[in-house]
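What follows is a short report on a single structure.
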2 protein chains.
Amino acid sequence: MSSARNVLFIMCDQLRWDYLSCYGHPTIRTPNIDALARKGVRFTNAYIQSASCGPSRMSYYTGRYVSSHRAFGNFVPLPLDELTLGDYLRPHGIRVAIDGKTHVEAPDPNVLSRLRIEPQSEVGQLISQGGFEPFDRHDGVLADPHDPEALSNKYTKFLLEKGYESINPWLDYANSALGEDKVVLSGWNMRYADLPARVDEQHSETAYTTDRAMEFMTEQGDRPWCLHLSYIKPHWPYVAPDPYHHMYGPADVVPAVKSEIERADPHPLYASYLKHRASVTFSDQATREKVIPTYMGLITQIDDHLGRLFEFMEDHGRFKDTLIVFCSDHGDYLGDHHLGEKELWHDTVIKVPLIIYDPSAAADALRGKPCDAFVEAVDMVPTFLDFLGIAHAGDVIEGKSVLPLLRGVGGAPLREFIISEFDYSFRTSTRKELNRPVKNCRTLVLRDREWKFVFCEGMRPLLFDLQADPHEFCDLGGDSRYEAIVERYSQEVAVWLSLRKTKTTASDEYVENWLGLKRFQGMKIGEW
Amino acid sequence: MSSARNVLFIMCDQLRWDYLSCYGHPTIRTPNIDALARKGVRFTNAYIQSASCGPSRMSYYTGRYVSSHRAFGNFVPLPLDELTLGDYLRPHGIRVAIDGKTHVEAPDPNVLSRLRIEPQSEVGQLISQGGFEPFDRHDGVLADPHDPEALSNKYTKFLLEKGYESINPWLDYANSALGEDKVVLSGWNMRYADLPARVDEQHSETAYTTDRAMEFMTEQGDRPWCLHLSYIKPHWPYVAPDPYHHMYGPADVVPAVKSEIERADPHPLYASYLKHRASVTFSDQATREKVIPTYMGLITQIDDHLGRLFEFMEDHGRFKDTLIVFCSDHGDYLGDHHLGEKELWHDTVIKVPLIIYDPSAAADALRGKPCDAFVEAVDMVPTFLDFLGIAHAGDVIEGKSVLPLLRGVGGAPLREFIISEFDYSFRTSTRKELNRPVKNCRTLVLRDREWKFVFCEGMRPLLFDLQADPHEFCDLGGDSRYEAIVERYSQEVAVWLSLRKTKTTASDEYVENWLGLKRFQGMKIGEW
């Protein structure tokens with residue numbers, strides 16, 4: 001299809017699926033995202049592959065589950081053999097760039113030096129950026145004051161140019177507030193969430209990142225591109241610039257989804273998470289009433305800037321040739337289930353908003369419709385390839401194109417269940433408390449329409465009856481009456497694990513066309 | 001230990017565990033290997049990780065199971081991230097070289113070009129050689145007349161220098177015989193197995209490869225080395241030079257280990273293998289009586305040359321500072337179980353001879369003793385490292401050092417069961433007959449002291465009661481009376497698969513020392 005040319009791949013960080021107006025939040029205002037949903041398809045059962053930035057994003061970028069791409073945690077590099085979006089699109093003349101956050105970790109220097117790859121070479125850079133051209137990468141939260149590299153990023157320079165003088169203006173201005181007597185109050189302390197950021201709104205991360213996206217589109221003109229517009233917000237630090245810091249108040253905060261049943265006889269892993277600082281903090285309604293209005297303000301800010309961007313794109317004809325995806329890398333407990341932060345297994349954190357706008361006429365029939373099919377982060381790479389008419393063999397990518405769901409030509413559902421994995425090895429307190437070896441801290445959610453089963457390496461699994469208990473309060477994994485169901489799902493998990501596409505160095509085609517020793521002078525094994 | 005300096009890693013190809021005199025064969029003569037067994041420890045339960053050259057060797061070279069290194073078949077490259085023996089030893093100043101066969105497949109050119117690695121560069125070469133310096137690599141059977149590269153190897157040049165004129169002297173002389181009227185009879189046809197090869201014995205592969213090992217040792221002097229002396233024989237073509245072609249006769253051939261029970265109601269995968277050409281051919285006793293004497297001759301030839309080598313090593317003091325390992329990459333059915341060739345699951349093919357000579361005084365007590373512990377091919381890399389005093393973190397290598405078993409300081413057994421995997425996707429006839437997708441042709445043997453359980457992807461498993469049925473004739477995998485046992489082992493396999501060390505890009509140490517966001521200005525997640 002000749003009109004299929006570009007992909008705008010918008011991601012928010014830590015945006016819950018239910019904190020958008022079009023997804024039913026009663027008080028938040030997100031008119032521009034809602035408008036995109038009216039132009040495209042809004043997925044109501046979209047899941048990410050790990051409730052943690054790094055592994056989730058690596059699944060988005062590779063089209064593969066965490067067990068396959070093996071970047072199991074934040075700050076864990078992808079293996080060198082893993083192909084990303086850039087590897088699939090760039091050979092077709094498409095510019096593939098990052099504007100914002102990727103959370104891609106560069107390989108260990110020893111890995112590169114073993115292969116004599118210079119980290120600063122073009123290929124070294126691409127590997128370190130997950131295959132994206134670093135048009136303007138700023139991972140924000142990761143700015144390490146001890147790392148001059150991190151502080152030389154473009155957003156830091158921009159802030160310095162605007163007069164925000166500091167070793168780390170990202171931290172000291174964009175993510176801090178000012179207290180009485182001009183004391184700088186770090187956004188890391190949630191108690192200051194109701195104060196405005198020390199930057200003008202137009203200099204905030206969200207505004208800056210959006211501006212850069214427009215610059216990129218302008219620069220690229222009619223040449224094809226795939227831009228990963230990746231907002232750092234509403235991820236903590238929960239600090240919003242004026243007026244977004246006081247746009248919402250306690251009255252706008254919906255109640256926490258939690259029950260005392262959950263804490264009555266908790267699974268050991270859940271019990272450990274209940275003790276984390278963020279869980280304790282968010283269990284206090286005062287925290288929620290202080291932080292959530294700002295979380296909501298940060299979302300409305302993104303929405304406002306997306307409004308600006310969409311108008312720009314309309315003006316430049318980009319709604320005619322661009323696939324637009326709006327999604328998130330995972331949710332945020334915000335006190336639900338007595339937890340803070342993300343990780344673990346509840347839909348609160350593994351379900352995300354996903355809106356896809358397909359410019360093709362073939363997609364007209366379903367515009368504005370919701371779709372309740374199970375879709376996953378791994379589906380994005382194959383969807384982009386499908387939209388752009390680029391074939392792939394299918395023996396490395398594990399996701400499936402959702403294009404048929406946008407165009408109403410889908411037959412069988414893409415899948416009967418979703419999978420989301422999480423590895424808690426980096427959570428030192430929990431790993432030590434549970435006495436687990438580093439390599440064996442895997443959890444895996446298998447969720448279908450009826451049940452949510454959570455495999456926990458070395459521990460009993462958890463089980464939730466989603467029909468009777470849609471909020472996932474009551475863990476039946478230790479209840480002997482559910483033994484047969486636990487057994488069935490344990491087997492499903494084993495089969496699923498055995499089906500991972502890990503044999504990546506020989507394609508199906510290679511195996512199928514293998515002539516065996518016939519290639520060697522017609523040799524035949526065992527000829528008499 | 002200052003005397004621990006070198007490793008001589010001798011491998012035969014397709015040598016059954018039971019075709020050596022010291023392993024109980026009644027008629028074969030292997031006095032030099034027997035002598036090595038008297039100086040070292042002879043393992044009576046040594047298993048390889050796949051009954052196929054390539055994947056078995058990749059496990060020997062990486063210390064990892066096939067599911068982890070993922071080079072699941074012959075001609076399947078290792079992923080670039082996989083570390084081999086050379087990667088572990090070379091940084092310690094040890095020269096690591098191959099003399100003979102490795103069956104390492106070079107990566108796909110696209111993989112290298114994506115990383116801008118020149119195939120002919122030093123690093124490109126090391127990758128293509130599995131980390132071995134190609135001192136004299138000749139994979140023999142793989143010499144492809146259409147590939148000038150393959151035919152430019154040193155053994156080919158040697159044969160040409162000696163006057164064996166041909167495009168492929170390896171095939172036309174070293175592995176062919178001469179018939180009446182000077183017709184060249186290819187060794188691929190087993191019916192000529194009783195005729196002598198068209199080369200002088202001293203120019204045969206086994207003699208040449210041994211000569212080169214001595215050259216290597218001479219060249220290296222007292223500088224440390226690890227030499228992989230890897231004989232192509234007794235792998236087919238079953239052609240031996242005079243006098244080894246007529247050293248044994250039909251009277252020396254032991255009966256085939258097989259039963260009609262096996263063919264009564266065969267598992268579909270086994271049933272398909274029964275139809276393979278090699279199986280049909282070896283089911284005929286006439287074939288066995290023609291081929292096995294030559295197979296035995298080739299083994300005795302290796303033994304004679306090892307005698308020469310060991311004498312040379314004694315003369316040069318190398319028995320004082322060299323760990324010597326003698327092993328095989330897998331067995332050969334030779335008509336047992338109505339099968340020819342290897343692959344599948346019987347001990348005939350997954351059990352191998354393994355003799356280890358440790359020069360240390362600490363090993364004196366156990367010299368000449370057999371050891372019935374379960375040891376595996378993956379144990380060799382960590383054993384070499386242990387012997388040489390090189391530490392490794394243990395979170396990539398899956399095998400375990402057997403040094404304690406050589407020195408009588410072992411406590412708990414290394415393991416309770418062995419694992420051997422085989423992927424039949426390259427066996428086109430079988431894959432198509434069973435209608436299996438390319439990526440899902442995995443089989444996995446879990447063998448302990450009592451049972452052998454064979455997981456077959458997409459099919460029912462097989463089960464053998466090794467106490468009641470040590471020859472593995474009676475498959476109980478479909479018998480409902482054994483359901484509980486099948487269930488137990490299915491779960492064992494699932495657990496084993498989930499424990500693979502696939503998280504190779506972040507070490508345990510990295511995770512354990514992770515300071516989290518504390519590295520970034522003392523940031524604390526969820527701070528109130």
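Chain letters run A, B, ... following the sequence lines, proteins first and then strands; every chain starts at 1. Values reported hereafter were calculated over all heavy atoms of this structure, with side chains retained and with hydrogens, waters and symmetry mates removed.
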message: Need one label for B/Lys432: side chain, backbone, both or neither, based on atoms under 4.5 Å from any heavy atom in chain A.
response: neither

Max heavy-atom pair count under 4.5 Å with chain B, selected residue of A/Ala494, A/Pro79, A/Ala506, A/Gly458: A/Pro79

field: Euclidean distance, A/Leu497 CG relative to B/Ser67 OG, rounded to 0.5 Å
entry: 11.0 Å

- prompt: When only pairs under 4.5 Å are counted, which of A/Lys290, A/Glu487, A/His276, A/Glu122 shares the most heavy-atom pairs with chain B?
  reply: A/Glu487

query: More than 12 heavy atoms of other residues, nucleotides or ligands under 6.0 Å from CD of B/Glu118: is that the case?
result: no

query: Side chain, backbone, both or neither: which part of B/Phe426 has an atom under 4.5 Å from a heavy atom of chain A?
result: both

- prompt: Do the side chain of A/Arg442 and the main chain of B/Ser498 share a donor and acceptor less than 3.5 angstrom apart?
  reply: yes

- request: Report yes or no: does A/Tyr510 contribute a side-chain atom to a donor-acceptor pair with the main-chain N or O of B/Phe75 at less than 3.5 Å?
  value: yes

field: Contact check, side chains of B/Leu499 and A/Glu457, non-hydrogen atoms, under 4.5 Å
entry: yes

query: Do A/Asp108 and B/Thr505 come within less than 4.5 Å of each other through their side chains, counting heavy atoms only?
result: no

- request: Just give me the residue among B/Val495, B/Val291, B/Thr287, B/Leu126 that pairs up with chain A most often, heavy atom to heavy atom, under 4.5 Å.
  value: B/Thr287

query: Can you say whether B/Ser121 sits under 4.5 Å from chain A via the side chain, the backbone, both, or neither, judging by heavy atoms?
result: neither

- request: Output the option from B/Ala71, B/Pro107, B/Pro77 having the highest count of non-hydrogen pairs under 4.5 Å with chain A.
  value: B/Pro77

- request: May I ask you to name which of A/Thr504, A/Val111, A/Leu78, A/Asp395 has the most heavy-atom pairs under 4.5 Å with chain B?
  value: A/Asp395

- request: With a 4.5 angstrom heavy-atom cut-off, could you sort out which part of A/Ile117 is near chain B: side chain, backbone, both or neither?
  value: side chain

- prompt: Side chain, backbone, both or neither: which part of A/Ser490 has a heavy atom under 4.5 Å from chain B?
  reply: neither

- prompt: Checking heavy atoms, do the side chain of B/Glu509, its backbone, both or neither come under 4.5 Å from chain A?
  reply: neither

query: Which atom pair, heavy atoms only, marks the closest approach of A/Arg114 to B/Leu83?
result: NE-CD2, 3.4 Å

- request: Please determine, among A/Leu444, A/Thr428, A/Leu80, A/Asn74, the option with the most heavy-atom pairs under 4.5 Å with chain B.
  value: A/Leu80

- line: Cut-off 4.5 Å, heavy atoms of chain A, and the answer for B/Arg431 is side chain

query: Quick one: does B/Gln491's side chain get under 4.5 Å of A/Gln491's, heavy atoms only?
result: no

query: So, do B/Val438 and A/Lys503 sit near enough that their side-chain heavy atoms are less than 4.5 Å apart?
result: no

query: Quick check: does any side chain N or O of A/Lys439 sit under 3.5 Å from a backbone N or O of B/Lys501, one acting as donor and the other as acceptor?
result: no

field: Part of B/Asp87 within contact of chain A (heavy atom distance under 4.5 Å)
entry: side chain

statement: Heavy-atom nearest pair, B/Leu115 first then A/Val123, reads CA-CG2, 3.7 Å

field: Intermediate values then yes/no, side chain to side chain contact (heavy atoms under 4.5 Å, CB included), B/Val511 and A/Val76
entry: CA-CA 9 Å; B/Val511 176; A/Val76 173; 5.8 Å; no

field: A/Glu82 versus chain B, the contacting section by heavy-atom distance below 4.5 Å
entry: backbone

